[in-house]
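Working notes for the structure below.
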Protein chains: 2
Amino acid sequence: MNIVNLPPRRPLGKIHVPTVTLAHGGGGKAMKDLIDDVFISAFAGASAPALEDQARFDLAALAQLGDRLAFTTDSFVIDPLEFPGGDIGKLAVCGTINDLAVGGARPLYLSCAVIVEEGMTFDMMRRIAQSMAKTAADAGVSIVTGDTKVVQRGAADKLFITTTGVGVIPKGRDISVAKVRPGDGILVNGWLGDHGAAILAARGDLALDTSLLSDCAALHGLIEALLTAAPGTRFIRDATRGGLATVLNELAEASNVSIAIEEELTPLRPEVCGVCEILGLDPLYLANEGKIVIAVPPDEIEAALAAMRAHPLGEKAALIGHAGDGEPGRVIMKTVFGGSRIVDMLVGEQLPRIC
Amino acid sequence: MNIVNLPPRRPLGKIHVPTVTLAHGGGGKAMKDLIDDVFISAFAGASAPALEDQARFDLAALAQLGDRLAFTTDSFVIDPLEFPGGDIGKLAVCGTINDLAVGGARPLYLSCAVIVEEGMTFDMMRRIAQSMAKTAADAGVSIVTGDTKVVQRGAADKLFITTTGVGVIPKGRDISVAKVRPGDGILVNGWLGDHGAAILAARGDLALDTSLLSDCAALHGLIEALLTAAPGTRFIRDATRGGLATVLNELAEASNVSIAIEEELTPLRPEVCGVCEILGLDPLYLANEGKIVIAVPPDEIEAALAAMRAHPLGEKAALIGHAGDGEPGRVIMKTVFGGSRIVDMLVGEQLPRIC
């Protein structure tokens with residue numbers, strides 16, 4: 001029996017579409033069926049040994065991979081759930097893999113907690129679970145434990161996913177936002193702003209027709225290649241919410257340096273600039289889901305660029321500027337017209353539910 | 001700027017109540033302020049060293065505590081957020097601590113990912129964050145990393161929290177749902193159904209006036225005492241969603257045993273039974289947040305009971321029945337009237353958003 005008062009069901013037309021009901025969140029038979037049907041069947045095909053309440057790993061085996069455990073979490077609330085270049089499942093797996101990898105960790109295990117709105121179709125749930133499973137398998141990462149909650153219609157927007165990851169940091173690696181020194185090169189691994197612009201276009205309430213795809217990708221392979229070629233790398237951060245500008249501001253503040261980048265060197269697709277121009281957005285603040293900002297010492301810039309360009313996810317890697325000893329915390333961009341402007345931290349909100 | 005079309009704001013009366021806006025989820029300055037104000041300030045007072053994007057732990061130090069890492073996650077969507085005996089923050093910390101502890105792990109670190117609805121008041125956010133911090137500090141557990149997402153009004157119901165935990169299992173411990181044998185005693189640590197009944201009453205849409213409190217509590221201390229006194233303990237599980245009945249069914253199925261419990265021995269407050277009688281609910285299916293179901297070999301039943309009764313969270317511990325060699329997977333309750341009834345797995349939904 002249901003205690004809460006539910007709003008009336010939306011008519012689903014004549015065809016019966018199997019959807020999630022509150023019974024699927026009750027902890028009983030229906031929930032077990034939902035989890036077995038949607039998640040266990042998908043994740044069992046990936047590298048997960050078994051989806052259980054509590055996953056367990058041998059500590060001695062972990063210690064052979066490195067000397068520190070890394071641990072990170074992210075919730076994903078992106079709208080729409082499926083978009084050009086990905087879906088919330090792929091995003092949730094890639095996002096947490098990247099959060100581990102940018103700290104120098106090798107991503108190993110993920111947990112997956114989903115909050116589902118009553119009325120979500122089983123078809124879409126299965127597609128998203130399969131997308132998670134495929135992304136994890138391709139990345140060599142296991143989804144080892146999870147949780148499912150169902151809320152009544154109107155109490156959530158279809159589906160939210162929280163992934164938490166553990167990985168191991170190999171001995172000797174020391175990557176931190178506070179380690180950057182004047183003279184260090186600032187690099188990115190390719191086109192910026194694709195994810196933000198693609199989601200914006202995919203929302204459909206703007207009459208924008210573009211061929212833009214989200215850049216959503218797992219970057220741990222690229223990062224391993226980078227760290228092998230440039231072991232002195234000081235800092236790596238994925239430029240997600242708030243984009244390049246936010247990462248550079250955090251970096252400049254934490255490392256007490258100034259940063260100057262050049263517009264001419266910054267990889268931006270003409271199509272992304274076009275979308276931004278129409279909407280009055282600044283592409284430097286657009287979210288990315290497959291782009292990292294890197295700081296490397298001067299003598300490793302070339303090696304870092306070469307290693308990234310040799311990787312499929314870094315072909316357009318570029319040196320976009322340098323850290324300096326100007327006003328600490330200040331980020332400047334030299335424009336194509338020869339002037340320069342301050343790139344400040346984002347104050348308001350550019351795009352809600354971008355990840 | 002906001003791209004999505006937002007519903008009109010509800011009037012808040014004449015007094016200005018600071019609330020969360022979409023800007024607080026944008027990845028920029030406002031989000032940093034929200035996180036600093038609400039979370040960092042609360043968790044810094046707890047045992048967390050610093051709330052950073054990626055937490056890191058020394059693997060050698062972990063290996064001194066045991067030989068296996070345990071990893072578990074849960075989302076919390078309880079309605080209402082604050083209830084007699086606790087709030088969603090306390091629940092989210094205790095729930096994940098308990099999920100670690102029932103597998104024999106010593107809980108060490110938690111991550112905390114929150115999804116906030118635009119319009120949530122800062123006051124309530126702060127109360128809940130402080131409750132999380134206090135619960136974690138009291139339990140000796142650190143909240144070490146987190147994430148915040150804000151969704152527009154109507155896209156979530158105020159606040160959802162996902163906690164993920166890591167702990168270490170001491171060498172030699174082997175607790176599993178498949179290890180129970182005929183003759184094992186089935187124990188609980190006290191009154192059943194308090195959480196479910198308290199939440200039901202707290203929802204307010206039923207004219208129920210009770211003094212019931214949720215039993216929400218961190219049980220790792222009790223479980224350590226139990227495992228010291230009864231090291232042969234086969235199985236421990238917290239009886240959350242789906243209650244005692246669901247745990248017993250899972251246990252009977254996984255261990256291929258029958259289970260018989262006695263109504264007379266099962267600790268149920270008269271007030272909980274009264275609420276259930278009025279509403280046509282079965283207290284065996286009511287959720288608990290501070291109760292565990294335990295299976296111990298016959299020769300350790302007395303020691304297990306004594307250890308639990310000596311702990312403040314186990315004063316009402318009781319032997320409620322035994323595993324047997326009857327029909328595998330079947331759970332039976334002998335009633336106070338001398339009859340017996342099948343206790344099946346919950347099929348529908350008893351109470352949505354109970355945790």
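Residue numbers start from 1 in every chain, and the chains themselves are labelled A, B, ... in the order their sequence lines are given, proteins ahead of strands. Side-chain atoms are counted along with the backbone in the values below, which use heavy atoms only and exclude waters and symmetry mates. Since the structure is predicted, the reported quantities are computational estimates derived from the model, not experimental observations.
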Problem set entry | Greatest number of heavy atom pairs closer than 4.5 Å to chain B - which of N249(A), D67(A), L62(A), V150(A) | D67(A)
Seminar exercise, completed: Closest non-hydrogen atoms of T163(B) and A92(B), given as atom of the first, atom of the second and distance, are OG1-O, 2.7 Å
Seminar exercise, completed: Bottom line for I115(A): the part with an atom under 4.5 Å from chain B's heavy atoms is side chain
Exercise. Do we get K149(B) above F160(A)'s six-membered ring, with its NZ or CZ under 6.0 Å from the centre and within 45° of the axis?
Worked result: no
For this session: Name the member of T73(B), V166(B), D58(B), T72(B) that forms the most heavy-atom pairs with chain A at distances under 4.5 Å.
Result: T73(B)
Exercise. Is R237(A) salt-bridged to E250(A), cutoff N-O under 4.0 Å?
Worked result: yes
Problem set entry | Aromatic contact, Y109(A) with F57(A) (centres under 6.0 Å) | yes
Problem set entry | chain A contacts, top residue of T246(B), V168(B), D74(B) (heavy-atom pairs, under 4.5 Å) | D74(B)
For this session: Go through the atoms of I161(A) and report whether side chain, backbone, both or neither lie under 4.5 Å from a heavy atom of chain B.
Result: neither
Problem set entry | E118(A) side chain vs Q152(A) backbone, donor-acceptor pair below 3.5 Å | no
Seminar exercise, completed: Heaviest contributor of heavy-atom pairs below 4.5 Å to chain A, chosen from D344(B), T240(B), T162(B), I354(B), is T162(B)
Exercise. Are the side chain of R106(B) and the backbone of G167(B) linked by a donor-acceptor contact shorter than 3.5 Å?
Worked result: no
Seminar exercise, completed: Note: vs chain A, highest number of non-hydrogen pairs under 4.5 angstrom among G243(B), A60(B), S111(B) is S111(B)
Exercise. Between S75(B), A156(B), A113(B), which has the largest tally of heavy atom pairs under 4.5 Å with chain A?
Worked result: S75(B)
Exercise. Is any side-chain N of the basic residue among R241(B) and D147(A) closer than 4.0 Å to the acidic one's carboxylate O?
Worked result: yes
Exercise. Pick from A63(A), A245(A), A70(A): which one has the most heavy-atom pairs with chain B under 4.5 Å?
Worked result: A70(A)
Seminar exercise, completed: Closest heavy-atom pair, L59(A) versus G66(B), reported as atoms and distance to 0.1 Å, is CD1-O, 3.5 Å
Exercise. Chain A heavy atoms under 4.5 Å from L110(B): which part of the residue, side chain, backbone, both or neither?
Worked result: backbone
Seminar exercise, completed: Note: vs chain A, highest number of non-hydrogen pairs under 4.5 angstrom among G165(B), A155(B), C355(B) is A155(B)
